[in-house]
Amino acid sequence: MLIRRPHDIPSSEITPEDSYLNRREFIRKTAALGAGMAIAGAGLTAAATATAGGPQDKWRPKSPGPYDTDEELTPYTDITSYNNFYEFGIDKGDPAANSGSFKPSPWKVEVAGEAKKTGLIDLEDLLKPHTPVDRIYRHRCVEGWSMVIPWLGIPLADVLNRFGPTSKARYVHFTTVLRPEEMPGQKRSVLAWPYVEGLRMDEAMNPLTLLATGIYGKSLLNQNGAPLRLVVPWKYGFKSIKSIVKINFIGTQPKTTWELSAPGEYGFYSNVNPEVDHPRWSQARERRIGEFFKRKTLMFNGYGEQVASMYSGMDLRKNF
Ligand SMILES: Nc1nc2c(c(=O)[nH]1)N[C@H]1C(S)=C(S)[C@@H](COP(=O)(O)O)O[C@H]1N2
Ligand SMILES: [Mo]
């Protein structure tokens, strides 16, 4: 059996996927134009039903976020059907297709390591003291596609501070749930399971960093990392680990899943950087899902004003 190496071919370069998306975009536009017309084709009718009346139609941010982009939001159907979540398979449609029996509730998170308070905590108790906020962020995958997503979440710093990290806590390490019975992708060794990621303490505490619980004001669907995921908008999407069960305060830089899988291609920092190519493709441009022409990728995904100072004095070619 042929097992593709993860992230082997940037999806932006693959013709079938391009035409798949363009076809869907075409269908969406056709459906919108033909709203009052009788369309006999079953495919078109299904597509029209799928895109109309989604949560995006009624959605308005409860209060605007300080770092929100005013770019056009990616439709909910795209955010929830074009995913990377290798625990459910390596193709973009796999997470939506194969995550139906995953149970995001009840859910516990273990908080461990260099902090005053540690232990196993129910998700409700983890979230209870906080009011979730809407944050509209650009989301850029290392494969060369991007979206604009209205997340619902809590600034990670607010959650972490409750546990009283000590001065020994220099990094935060996150772990995804390990449930091969519910996550069919974990039965294959495409990656070393469970998926792990990490942030330096100042990155974790940056006000942009979110623990997300929803999209378009609605609880996360399984394919997007229910019930709790990280969102780090100035880094490539793979840093934004899904379905988190462990938050560990540690003293030394941890290894991450993608680093372990291909150390020459994925580093710890993974800041969006158009000047540092992936060894097998350029990172200078990206395709916004739903658009035809590629656009320039922005340094730090456009969040330089908020994050660049954390990396001053660092060689970002070495620390990729
Ligand atoms: N546990 C886990 N988290 C993960 C991944 C994964 O395979 N497993 N994929 C990452 C990658 S490569 C990307 S681009 C984003 C995709 O998030 P989205 O599907 O919600 O857009 O999730 C990241 N988080
Ligand atoms: Mo990604």
Side-chain angles (χ1 to χ4, degrees), residues 4-12 17 73-99 102 104 137-153 173-180 182-186 188-199 210-216 218-247 256-262 265-266 270-272 278 281 283 286-290 297 301:
R4 261 184 289 159
R5 292 243 334 270
H7 284 158
D8 232 2
I9 308 156
S11 52
S12 56
E17 218 143 49
L73 302 178
T74 301
Y76 189 67
T77 42
D78 289 333
I79 300 173
T80 55
S81 63
Y82 190 85
N83 298 100
N84 270 336
F85 199 168
Y86 279 37
E87 284 84 340
F88 295 111
I90 60 173
D91 289 324
K92 296 290 173 276
D94 287 347
N98 302 335
S99 62
F102 181 74
Y137 288 162
R138 286 178 288 273
H139 174 68
R140 207 271 197 198
C141 177
V142 75
E143 296 165 335
W145 52 267
S146 66
M147 301 190 187
V148 176
I149 302 185
W151 300 103
L152 182 69
H173 190 232
F174 301 87
T175 308
T176 293
V177 73
L178 183 65
R179 283 192 202 163
E182 295 177 27
M183 302 175 124
Q186 287 182 337
R188 300 198 287 150
S189 44
V190 229
L191 291 174
W193 311 115
Y195 193 104
V196 290
E197 258 301 341
L199 293 173
L210 290 186
L211 263 183
T213 57
I215 288 170
Y216 276 109
K218 204 170 144 2
S219 291
L220 287 174
L221 298 186
N222 289 343
Q223 56 265 40
N224 292 104
L228 189 70
R229 68 172 293 171
L230 200 63
V231 172
V232 198
W234 71 96
K235 292 179 183 279
Y236 292 118
F238 62 87
K239 293 294 282 186
S240 294
I241 182 174
K242 295 175 167 181
S243 306
I244 297 167
V245 287
K246 186 171 179 182
I247 300 176
T256 68
T257 289
W258 284 102
E259 248 185 308
L260 290 165
S261 149
E265 304 187 357
Y266 308 105
S270 313
N271 290 318
V272 173
H278 185 281
W281 59 82
Q283 291 292 28
E286 68 199 52
R287 195 168 56 78
R288 182 66 49 86
I289 296 300
T297 286
N301 208 21

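In listed order, ligands and their atoms are each counted from 1.
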Within a distance under 4.0 Å of any heavy atom of Asn83, pick out the atoms of ligand 1 and give their elements. 18 (P), 19 (O), 20 (O)
Polar side-chain atom of Thr175 near backbone of Val245 as donor-acceptor pair, under 3.5 Å: no
If the threshold is 4.0 Å, N to carboxylate O, is there a salt bridge linking Glu197 and Lys235? no
Return the orientation label for the Phe85 and Phe88 ring planes: parallel under 30°, perpendicular over 60°, tilted otherwise. perpendicular
Against heavy atoms of Thr176, which atoms of ligand 1 measure under 4.0 Å? 1 (N)
Do you know the tightest heavy-atom contact between Thr80 and Ala96? O-CB, 3.6 Å
For the backbone of Arg179 and the side chain of Gln186, can you confirm whether one donor and one acceptor N or O come within less than 3.5 Å of each other? yes
Quick one: look up the protein heavy atom nearest atom 24 (N) of ligand 1 and list residue, atom name and how far away it is. Ser240 O, 2.9 Å
Can you list the steps and then say if Lys92 with Asn84 is a side-chain hydrogen bond (donor to acceptor under 3.5 Å, both in side chains)? CA-CA 6 Å; Lys92 296 290 173 276; Asn84 270 336; 2.9 Å; yes
Among all protein heavy atoms in this structure, tell me which lies nearest to atom 11 (C) of ligand 1, with the distance rounded to 0.1 Å. Phe238 CA, 3.5 Å
So does Val196 get a backbone contact from the side chain of Thr257, meaning a donor-acceptor N/O pair under 3.5 Å? yes
of all protein heavy atoms, closest to atom 21 (O) of ligand 1 is His139 NE2, 2.7 Å
Would you say Gly225 touches ligand 1, if touching means a heavy atom closer than 4.0 Å? no
Taking atom 7 (O) of ligand 1 as the reference point, the nearest protein heavy atom with its distance: Tyr86 N, 2.8 Å
Of all the non-hydrogen atoms in the protein, which one sits nearest to atom 15 (C) of ligand 1, and at what distance? Gly237 O, 3.5 Å
Report the member of Glu87, Gln223, Lys242, Glu143 with the shortest heavy-atom distance to atom 19 (O) of ligand 1. Lys242
Location of contacts on Tyr195 toward ligand 1, heavy atoms closer than 4.0 Å: side chain
Tell me which part of Met147 gets within contact of ligand 1: side chain, backbone, both or neither, using heavy atoms under 4.0 Å. neither
Smallest heavy-atom separation, Asn83 atom then Gln223 atom, equals OD1-CG, 3.6 Å
Output yes when the distance from some N or O of ligand 1 to some N or O of Trp145 is under 3.5 Å, and no in every other case. no
Below 3.5 Å, N or O to N or O, backbone or side chain included: is there any such pair between Arg229 and ligand 1? yes
Are Ser243 and Phe102 close enough, and set up right, to give a side chain to side chain contact (heavy atoms under 4.5 Å, CB included), and what steps lead you there? CA-CA 10 Å; Ser243 306; Phe102 181 74; 4.1 Å; yes
Could you find the nearest protein heavy atom to atom 9 (N) of ligand 1 and give me its residue, atom name and distance? Asn84 O, 3.3 Å
With rounding to the nearest 0.5 Å, note down the distance linking CD1 in Ile149 to OH in Tyr76. 11.0 Å
Enumerated ligand 1 atoms positioned under 4.0 Å from heavy atoms of Cys141: 14 (S)
